There are 2 protein chains.
Amino acid sequence: MKNRRLFWRIVDQIEAMISGGDFPAGSRLPPERELAEIFDVSRPTIREAIIALEVRERVEVKTGSGVYVLEQTNLSKADMAISAFELTQSRALIEGEVAALAATSITDEELEKLHGTLIAMEKGDYTEEADEEFHRIIAVATRNKAMLRTVENLWSLRVSNPQIVADYGSVCAKSNQNKILNEHTAIYKALKARDATAARAAMHQHFNRLINSLFDALEAKALEEVRRKASEKRGLYSLEGVLHRPA
Amino acid sequence: MKNRRLFWRIVDQIEAMISGGDFPAGSRLPPERELAEIFDVSRPTIREAIIALEVRERVEVKTGSGVYVLEQTNLSKADMAISAFELTQSRALIEGEVAALAATSITDEELEKLHGTLIAMEKGDYTEEADEEFHRIIAVATRNKAMLRTVENLWSLRVSNPQIVADYGSVCAKSNQNKILNEHTAIYKALKARDATAARAAMHQHFNRLINSLFDALEAKALEEVRRKASEKRGLYSLEGVLHRPA
DNA sequence: TAGTTAAAATTGGAATTACCAATTGGTAAA
DNA sequence: TTTACCAATTGGTAATTCCAATTTTAACTA
């Protein structure tokens, strides 16, 4: 059995203390010199252990201040913090450029595929898939794999962040499918005409309308919240409630 | 510009050497004592850098034997296939929009930080770090986490795709630092003036000049290849070779 | 007494030196 | 040729010193 290096043993012990609640997120670990005494090892060994913890994003090191325990976060948590507004604004700006670039190089075959997605959406078949395919074909038409990758990343956010899924759900309902189809059609026509400026504008319009819909939904939710609270206040002061209160 | 700890700088440099092909997977890094001489730092600093690389699973440490480079599996095949041209074009289009958006919301504090990166580049200190920080501050200034994420993804491609690292290496050499600094300064001034259109144009110019440099480098390489092949053809048909051919 | 500034204390950062533990390669002997 | 041993090399840990950054405390002023 190969010997385990001492600093790795210290890493494990500190991680156990963090996980065990000795040092909650936000708290500060004891100073290096004190940890060296606690664990009866040299200070460089403690430093090496702390660097490993830092790379693992378990702690944050602040020179002159101390070593602080981080929330157990990962990249997906950062993605979770992205709102539907932020995503949609980004898509407007980025996919606007994607559409403009694609207008300069899109092939007849790709246009035919684009048209296929419009047909599918018109039929009401697999509208979300058709939506994704529509944007993906345009990204492929740019002939730029970094652009394609970026569009894929944005779509991935759209379908995996629960809050964004819910927000998009409320503005991409059946009742709005005609609007979306009309906007996709306008983008398609601009691409077919190989008009980069029109394609960019059409894509902007598509997402800006979506942003407005998100605002509308947010306002409706806020009004609903105000009504709910007023209703609670009514219940709080109503005599009916008082009369029925158990002794 | 906040001071970056020395061992992190060494981590970056070693990673660049690995990504740049100096130390292919399976090869052994120079001994700690030698690395300390090469980088002109102390051996504990090297040790700290190597521990970070180990946690990142870039290297494997064998006591008494050496530090060995591990296969790098993070990059997908699709990401490996992205060329420096594609990345740079994407950055031009996307970061142009980022700059325009940032011009509408950038704070004085952020402008000050941006200026700090210009100072660092002027001094010749850690220019790649200052470059990254420059673009990152602008992305943060958009107040849009999806945009920031996109810029981070593009930068990640820039530093982890070996071919892109090599290509950028040849056009971001010391001799071009003044051009880059001038372009960054133009972007900074447009942002300071809160002029979205100028910021977008300045960012486009920055990357378009970079694309042209990449083309120049590619052309030089192609010419070199043509010369090499012509030289081979000359050798193939030269009488000297024929006369000296062994029986 | 309250606010501000400067000094002191504390904490992390880096370097130097020394010695120990593990591995590898070279040499000698069987 | 094979095996054993030794020296050299490489990583691992400790101790000490001094520097850089931040926080806390003390002193001063209004």
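Sequence lines set the chain letters: A, B, ... in the order given, protein chains first and strands last, and positions in each chain run from 1. Computed from a prediction, not measured in an experiment: that's the story for all the values here.
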Item to complete: Tell me whether the OP1 or OP2 atom of D:dT10 has a side-chain N or O from B:Arg28 closer than 4.0 Å.
Response: yes
Item to complete: Write down the distance between CZ (A:Arg4) and P (D:dG12), rounded to a whole number of angstrom.
Response: 13 Å
Practice prompt. Check for a donor-acceptor pair, side chain of B:Glu34 on one end and backbone N or O of B:Pro31 on the other, with a separation under 3.5 Å.
Written response: no
Worksheet item: Given D:dT13, is OP1 or OP2 found less than 4.0 Å from the side-chain N or O atoms of A:Thr45?
Response: no
Worksheet item: Relative to the ring of B:Phe215, is the ring of B:Phe85 parallel (under 30°), tilted (30 to 60°) or perpendicular (over 60°)?
Response: tilted
Worksheet entry | Euclidean distance, atom CD of residue B:Glu60 to atom C1' of D:dG11 [Å, nearest integer] | 13 Å
Worksheet item: To the side chain of B:Arg43, which of D:dG12, D:dA14, C:dA15 is closest?
Response: D:dG12
Fill in: A:Glu54 CD to C:dG13 C1', straight-line distance once rounded to whole Å
12 Å
Worksheet item: Between D:dT23, C:dG13, D:dG12, which nucleotide gets closest to the side-chain atoms of A:Arg5?
Response: D:dG12
Fill in: From C:dA22, D:dA14, C:dA14, nucleotide with atom closest to A:Val41 side chain
D:dA14
Worksheet item: Does B:Arg47 make a side-chain N or O approach to OP1 or OP2 of D:dG11 shorter than 4.0 Å?
Response: no
Practice prompt. Would you kindly give the CG-to-P distance between A:Leu6 and D:dG11, to the nearest whole Å?
Written response: 18 Å
Item to complete: Would you mind telling me which residue lines up with the more 5' stretch of DNA chain D, A:Pro44 or A:Ser65, judged by nearest nucleotide?
Response: A:Pro44
Item to complete: Could you tell me the separation between the CD atom of B:Glu48 and the P atom of C:dG13, rounded to a whole number of Å?
Response: 8 Å
Item to complete: Heavy atoms only: give me the nearest A:Ala52-A:Val11 pair and the separation to one decimal.
Response: CB-CG2, 3.8 Å
Discussion item. The side chain of A:Ser42 is closest to which nucleotide in this list: C:dA14, C:dT23, D:dA14?
Written reply: D:dA14
Worksheet, complete the sentence: Tightest non-hydrogen contact, residues A:Val165 and A:Arg158, listed as CG2-O, 3.5 Å
Response to the item:
Between B:Glu110 and B:Ile137, the two heavy atoms sitting closest are O-CG2, 3.7 Å
Practice prompt. Take the protein atom CG of B:Leu35 and the nucleotide atom P of D:dT9, then report the distance between them rounded to whole Å.
Written response: 17 Å
Practice prompt. Give the rounded distance in Å between these two atoms: CD of B:Glu34 and P of D:dT10.
Written response: 8 Å
Worksheet entry | Nearest-angstrom distance from the residue atom CZ of B:Arg33 to C1' of D:dG11 | 7 Å
